[in-house]
Amino acid sequence: MENMKLKLRIWRQGGKFPQGKFVDYELDGVNDHMSFLEMLDVLNEKLINKKEDPIAFEHDCREGICGTCSLVINGYPHGPMQQTTACQLHMRHFRDGDTITIEPWRSRAFPIVKDLVVNRDSFDRIIQAGGFISVDTGQAQDGNAIPIEKDQASHAFDAATCIGCGACVAACPNASAMLFVGAKVSHLAQVPQGKVEADSRVQRMIAQHDAEGFGRCSNITACEAECPKGISVEHIARLNRQYIASTLGSEKVAN
């Protein structure tokens with residue numbers, strides 16, 4: 001077990017830092033078995049003991065599932081380890097004396113609430129625009145009674161692993177959320193239940209994506225490289241094909 005001393009450069013905004021700026025902290029006694037969020041917990045405990053304002057950051061499950069631990073660590077969304085969320089990143093990947101820079105997602109569509117916390121309601125509004133399947137009320141058909149080919153089910157599941165964390169937006173120089181939208185559209189478009197509303201879904205979700213202020217995709221693929229779940233840009237390609245097909249029959253798409 002190794003104990004480290006670190007210099008942390010952390011973005012502070014809100015309260016006595018209304019304009020936002022990096023503030024330096026020194027933290028010693030960091031255990032290399034700690035997770036990254038546990039290290040921030042230790043720092044906050046020290047700040048609270050000194051009657052200082054603790055650093056605001058998001059977390060929930062701390063198991064790499066919920067997607068709330070949205071931190072840019074040394075320039076990388078979720079840190080330097082591929083397909084790893086910030087909550088699953090451990091301090092053994094850092095060394096004694098390291099300087100670690102921590103900042104929030106950077107996007108006009110993700111306004112900063114405080115410190116490292118951003119408002120990601122824009123993702124919720126994209127889902128509300130079309131990321132669902134409508135069913136008639138009454139007795140629902142048993143899901144197991146609807147046959148789905150193995151390949152289709154596997155591809156749909158791959159898209160469904162998106163946790164909506166926003167790392168794709170933070171990684172993209174255009175702040176595009178097309179990997180997120182592509183995963184959600186691709187997930188539903190590949191199962192029979194989702195095909196009925198496929199055209200209206202893709203048009204509504206892309207329209208909401210643009211209305212939220214996200215940028216355009218320019219195929220840089222940084223989103224795939226930084227996605228903690230390894231979502232493929234193939235889902236963006238499927239999204240584009242689905243959108244073009246839907247516009248050819250746009251007169252049938254409900255507003």
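All values derive from a computational prediction rather than experimental measurement.
In the displayed structure, R106 atom CZ is contacted under 6.0 Å by more than 12 heavy atoms of other residues, nucleotides or ligands. Environment of CD in Q82: sparse, with no more than 12 heavy atoms of neighbouring residues, nucleotides or ligands closer than 6.0 Å. At most 12 non-hydrogen atoms from other residues, nucleotides or ligands lie less than 6.0 angstrom from CD of E45. Counting heavy-atom neighbours within 6.0 Å of F22 CZ, excluding the residue itself, gives a total above 12. By the 6.0 Å contact criterion, OH on Y25 is enclosed, its count of non-hydrogen atoms from other residues, nucleotides or ligands being greater than 12.
Taking CG of N3 as the start and CG of D28 as the end, the distance is 9.0 Å to the nearest 0.5 Å. Between the CE atom of M91 and the CG atom of D98 there is a distance of 8.0 Å, given to the nearest 0.5 Å. Atoms CZ and CE, from R95 and M4 in turn, are 8.0 Å apart once rounded to the nearest 0.5 Å. Separation of atoms CD1 (I48) and NZ (K50) is listed at 12.0 Å; rounding is to 0.5 Å. From I231, atom CD1 reaches atom CD of E226 across 14.0 Å, with rounding to the nearest 0.5 Å. Considering CG of L6 and OG1 of T99, their distance stands at 8.5 Å, rounded to 0.5 Å.
When atom types are taken as modelled, the side chain of H78 and the backbone of T84 share no donor-acceptor pair closer than 3.5 angstrom. For N44 (side chain) and I55 (main-chain N/O), a donor-acceptor pair under 3.5 Å exists by modelled atom type. No donor-acceptor pair closer than 3.5 Å links the side chain of H155 to the backbone N or O of A153. For the pair S218 (side chain) and I220 (backbone), a donor-acceptor distance under 3.5 Å is absent. A side-chain donor-acceptor contact under 3.5 Å links W105 to the backbone of C165. Here the side chain of S35 pairs a donor or acceptor atom with the backbone of E38 at under 3.5 angstrom. With hydrogens and angles disregarded, a donor-acceptor distance shorter than 3.5 Å links the side chain of Q190 to the backbone of S186. A donor-acceptor pair under 3.5 Å is absent between the side-chain atoms of N174 and the main chain of G215, judged by distance alone. In this structure a side-chain-to-backbone donor-acceptor pair under 3.5 Å is missing from N119 to P111. A donor-acceptor pair under 3.5 Å links the side-chain atoms of Q203 to the main chain of S246, judged by distance alone.
Proximity of L239 to M178: side-chain heavy atoms (C-beta onward) are separated by under 4.5 Å at one or more points. Residues Y76 and V72 fail the side-chain proximity criterion, which asks for heavy atoms closer than 4.5 Å. At least one side-chain heavy atom of L116 sits less than 4.5 Å from a side-chain heavy atom of I102. Here the side chains of C162 and K184 are in contact, with some heavy-atom distance below 4.5 Å. M205 places a side-chain heavy atom less than 4.5 Å from the side chain of I127. Annotation: side chain of W11 is not in contact with side chain of V23 (no heavy-atom distance under 4.5 Å). Two residues are said to be in side-chain contact when any heavy atoms from C-beta on lie closer than 4.5 Å; D210 and R216 meet this criterion. Residues Q208 and V181 are not in side-chain contact: their nearest non-hydrogen atoms beyond the backbone lie 4.5 Å or more apart.
Between F57 and H59, the distance separating the two ring centers is shorter than 6.0 angstrom.
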Please walk me through it: do V196 and S134 pass side-chain contact (heavy atoms from CB on, under 4.5 Å)? CA-CA 9 Å; V196 177; S134 300; over 6 Å; no
L37 vs C69, side-chain contact (heavy atoms from CB on, under 4.5 Å): CA-CA, chis, key distance, verdict: CA-CA 8 Å; L37 298 192; C69 54; 4.1 Å; yes
Run the numbers on K7 and D24 for side-chain contact (heavy atoms from CB on, under 4.5 Å), then give the verdict. CA-CA 7 Å; K7 179 179 179 181; D24 293 339; 3.6 Å; yes
Is there a side-chain contact (heavy atoms from CB on, under 4.5 Å) between V42 and V30 once you walk through the steps? CA-CA 8 Å; V42 172; V30 176; over 6 Å; no
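Across all non-hydrogen atoms, the minimal contact from V118 to P104 is CG1-CB, 3.8 Å. The nearest pair of heavy atoms linking V169 to A177 is CG2-CB, 3.6 Å. Smallest separation of non-hydrogen atoms from F94 and P80: CZ-CD, 4.5 Å. When every heavy atom of A175 is checked against every heavy atom of S107, the shortest pair comes out as CB-OG, 3.8 Å. Here the shortest heavy-atom pairing between G79 and L89 reads CA-CD2, 4.3 Å. Across all non-hydrogen atoms, the minimal contact from T68 to C66 is OG1-SG, 3.1 Å.
Between F214 and F110, the two ring planes are perpendicular [angle over 60°; tilted spans 30° to 60°]. Ring planes of F123 and F180: parallel class, angle under 30° (limits at 30 and 60°).
There is no path of hydrophobic side-chain contacts, each under 4.5 Å, that joins I206 to F132. A continuous path of Ile, Leu, Val, Met, Phe, Trp and Tyr side chains, each step under 4.5 Å between heavy atoms, connects L71 with L27, placing both in one hydrophobic cluster. I133 and F157 are not part of a single hydrophobic cluster, where members link through side-chain heavy atoms under 4.5 Å apart.
Among residues at least two apart or in separate chains, salt bridge (charged side-chain N to carboxylate O under 4.0 Å, His left out) pairs with a member in residues 58-79 are D41-R62, E58-R120.
Among residues two or more places apart in sequence or in another chain, the salt bridge (Lys or Arg N to Asp or Glu O under 4.0 Å) test is passed with K229 by none. Listed by chain and number, the residues in a salt bridge (Lys or Arg N to Asp or Glu O under 4.0 Å) with R12 are D53, D115 (sequence neighbours excluded).
Of the residues T161, I163, L179, V233, the one that meets the side-chain contact (heavy atoms from CB on, under 4.5 Å) test with C227 is L179. For the side-chain contact (heavy atoms from CB on, under 4.5 Å) test with L188, the passing option among E197, Q193, R201, K195 is R201; the others fail.
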